[in-house]
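This report concerns only the one structure given below.
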Amino acid sequence: MNMMEIKNFSFTYAKASKPSLKNINLPIKKNQITALIGPSGCGKSTLLRSLNRIHDLYPGNKYEGEILLYNPQTNEYENILELKKENEFINLRQRVGMIFQKPTPFPMSIFDNVAYGLRLNGIKNKSELETRVEEALKGAALWNEVKDRLKASAMGLSGGQQQRLCIARAVALKPEILLFDEPTSALDPISTGAIEQLVAELKKDVTIAIVTHNMQQASRLSDYTAFMYMGELIEYNKTEKIFLNPDEKLTEDYITGRFG
Amino acid sequence: MNRLIVNKIIIALSVFSALFGIGVLFWILGTLTIKGIVSINWHIFTHDLVEKGIRNLIIGQFIMGILASFIAIPVGVAAGIYLREYNTNKFGEILRNLSDVMMSAPSIVVGIFVYGLLVDPIGHYNGFAGAIALAIMMLPIVISTTDSMLSLVPKELREAGIALGGSKHKIILQIVLRAAKVGITTGILLAFARIIGETAPLLFTSANNQYLTFDLTHQFPSLTVSIYNLANYPDEASINLAWAASFILTIVVLIINLLGRYITRNKG
Amino acid sequence: MSGKLFKNFSFFSATISLILLIAIFTTLYYYASDAINTFGFWDFITGTQWEAGEDDEGGIFGGAIPIVGSLLTTAIAMIIALPLALGIAIFLTEIAHEKLIKPVSIAIELLAAIPSIIYGMWGLFYLAPLVQKYFGGAGIGLFSAGVVLAIMIIPFIASITKDAMNTTPNVLKESAYAMGATKFEVIKDVVIPYAKTGIIGSIILALGRALGETMAVAFLLGSVMKFPKNLFDTTTSIPVILANTFSEAEDLELSALFYLALILFALSFIIISLAKFYFLRNKEER
């Protein structure tokens, strides 16, 4: 089943004369990990950032086509490109979480970081907050490392811990989809391993889309892979198929490291 | 949704603040222009204060400003060079911070200090004391600009100079200073615009003079001090003259200011 | 010029701030010593009388009224200026359309460039009559002086606060938006905490400026040696009493005025040093 369906989607940045994404058609399958790969500037991050409409923080960008998001409550798909009101955006971003390249702990305590989204949602009850924070930190495999210093500043954690904190912060909101934008590119190999393991475990609860330029990561982690080049989707398929027997010559060249 | 309303209110308040700032600027400039233009005529530019003109005041204010610049610019630029190029220890860091502190020193206190230093011992107000007081106001601004503009010059430029066998002070004077020239010039222009409009440092140093004079050892004509005095007079003519003087002062200050910004934008 | 000579000249120039600072304290103290010896510290700052003796000989001088006046005008100015300056900084960093940022910033900076005597003129002839019309009283007084002072320090607070807020990394803000935060929540929870030290530094710096500002309030406070009875009443402050009585004062009164100048300088020195050394330090490392 598809959590998201991207249909004939094109995207043009403000002031740009040419579109950065051209006519993309791509499903994001439920409880699966979809990897977006391709050389720098191919548009994979631009596509990812369209899925929670974070682009809209900067005025003047242009969307065309449709991005359909499945709503489990109504059992229907809704086009997120039609959203206009602020509360619709807020709702979308709580359903579609995002983890960035660099860890982005807020300048507050570890507890407050994880509780942040919950509080925005109006949860004020202390014991409920504590339960949900603990749950989220356990889900992000961070609980044992921080349970004794929840009141300490999040800035004091290591890079890998900060990134897992950001995942916990996103997971706490119980999103339907999590978007990862090169989440390990600023981390050392050991932290990277921990994050990858975490992402793999998360997929039983959430649907995941991950942008990476690390091909081993894509092949290790993902169920489906989309290869993008110069703003176009070249090939989308099961990950084994893409890495072992791609249909397109361009995909093969990229996978085998002939360019990129 | 409650959060959204709070958000809208805060944004509205923020926009209001910006509108308020701009509104006040135009209110002040507007009244100044209206009051100033009706009070300006050829007479005031060709006569001195004693004959209800401001010729001597403009000249006097300018002379003191220029003289202050002649003192503050070389010393300030040299100090900025020391802080950025030579300073390596804690003492330099303290000097840098002290210079920043001096930048915010109350101008009236600077005036009173110079009174104690150069007016009281001599026995009467003098234009030279006025220029010194303005120089003290200008100095920290020049130091801080030079310091921060030099910090923008890439290290490679200095290294390239040293690699070519230049001596340190020649590299500073011939390469580094030249690279930072535009920024420092802008800073100096802004500093000049600031001191040319100062009143408090002049009240008890140069005081004022009704006549045109170039004798810096005696009371010296000042545009700003005159505005202060004239605005306190009860008669309409004096107040109008104060408006005319205020208008001209503001125009000059703002033009120098915009000129400074224009230079950076075009060559920086 | 030889290298050594150049280095020595620039070193001497760099020490000039220190020399000036010491010179200012010494000079003010020297002239104030008569008053310091006569009244001491505590009696001077709590004394409410300001009366010259017969033929300007001796007299009783206490600084309580101008000191309280200074604190009150500064407090009123800060209360008015803070929210507006913060609003402008938020507008320029988070709200304004790209095309608006530049002109609005320039307008705010021009506001800071206008000489203080002009604010004084405008306050006296435009603001004071308005205040009189709507609030009664003499027009001039604490409130009018506070408003003009506020307008003078708004651009100052706004520009430093704006710079501090601009250092917040974009990705940090994006990640708050990505959790469904509103603009206000992002500003409140991410931008302001991140820029906290810079903002506090700018507020303290502005406080120091407001305390020493003279010409904008010299016309507007009333220059009367009495405590204000209400927000719209006239009084005096240290800069105002200096500006308006210094040139006619002699002997002990002159010394008392130097004493006030010394107190003002010491106060603003402490406040500004606190801001610079504690809050705005390491500005370049951030």
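Letters A, B, ... are given to chains in the order of the sequence lines, protein chains preceding strands, and every chain is numbered from 1. Please read these numbers as outputs of a predicted model, since none were measured by experiment.
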Interchain contact, [X] with chain B, by part (heavy-atom threshold 4.5 Å):
X	value
C:Met121	both
C:Phe12	neither
C:Leu84	both
C:Tyr31	side chain
C:Leu242	both
C:Ile118	side chain
C:Ile151	side chain
C:Leu111	both
C:Ala96	neither
C:Ile90	both
C:Leu274	neither

Among [options], which has the most heavy-atom pairs under 4.5 Å with chain B?
options	value
C:Ile154, C:Leu124, C:Thr15	C:Thr15
C:Leu205, C:Ile238, C:Thr214, C:Ile187	C:Thr214
C:Pro83, C:Gly212, C:Gly87	C:Gly87
C:Ala243, C:Ser247, C:Ser273, C:Pro239	C:Ala243
C:Pro155, C:Ala23, C:Gly208	C:Ala23
C:Ile88, C:Leu21, C:Ile271	C:Ile88

With a 4.5 angstrom heavy-atom cut-off, which part of [X] approaches chain C: side chain, backbone, both or neither?
X	answer
B:Leu258	side chain
B:Ser246	both
B:Leu32	side chain
B:Leu117	both
B:Ile11	both
B:Val253	side chain
B:Phe91	side chain
B:Phe16	side chain
B:Ile81	side chain
B:Leu19	neither
B:Lys170	neither
B:Ala242	both

With a 3.5 Å cut-off and no angle check, do the side chains of [X] and [Y] form a donor-acceptor pair?
X	Y	answer
B:Thr186	B:Thr264	yes
B:Thr224	B:Gln61	yes
B:Asn7	B:Arg3	no

Self-check item: 4.5 Å side-chain heavy-atom contact, B:Glu85 and B:Leu150
Solution: yes
Practice problem: Please confirm whether C:Phe9 and B:Tyr82 have ring centers closer than 6.0 angstrom. | Solution: no
Under 4.5 Å, counting heavy-atom pairs only, tell me which of [options] racks up the most with chain C.
options	result
B:Leu95, B:Ile143, B:Ile136, B:Ile256	B:Leu95
B:Phe26, B:Phe247, B:Phe20, B:Trp243	B:Trp243
B:Asp120, B:Val110, B:Ile94	B:Asp120
B:Ile28, B:Thr250, B:Ile239, B:Val114	B:Ile28
B:Ala78, B:Gly92, B:Pro140	B:Ala78
B:Val24, B:Ile172, B:Leu83	B:Val24

Quiz item: Relative to each other, are the rings of B:Trp27 and C:Trp122 parallel, tilted or perpendicular (30° and 60° limits)?
Solution: perpendicular
Practice problem: Kindly say whether C:Ala158 contributes a backbone atom to a donor-acceptor pair with the side chain of C:Thr161 at under 3.5 angstrom? | Solution: no
Quiz prompt | chain B contact residues among residues 256-266 of chain C, heavy-atom distance under 4.5 Å | solution = C:Phe258, C:Ala261, C:Leu264, C:Phe265
Self-check item: Note: B:Arg96-B:Glu93 ion pair, threshold 4.0 Å (strictly below)
Solution: yes
For residues 189-205 of chain B, run the donor-acceptor check on the side chains, cut-off 3.5 Å, and write out each pair with its distance to 0.1 Å, sequence neighbours left out.
{"unit_1": "B:Thr205", "atom_1": "OG1", "unit_2": "B:Pro201", "atom_2": "O", "d": "2.7"}
{"unit_1": "B:Thr205", "atom_1": "OG1", "unit_2": "B:Leu202", "atom_2": "O", "d": "3.4"}

Self-check item: More than 12 heavy atoms of other groups within 6.0 Å of C:Phe25 CZ
Solution: yes
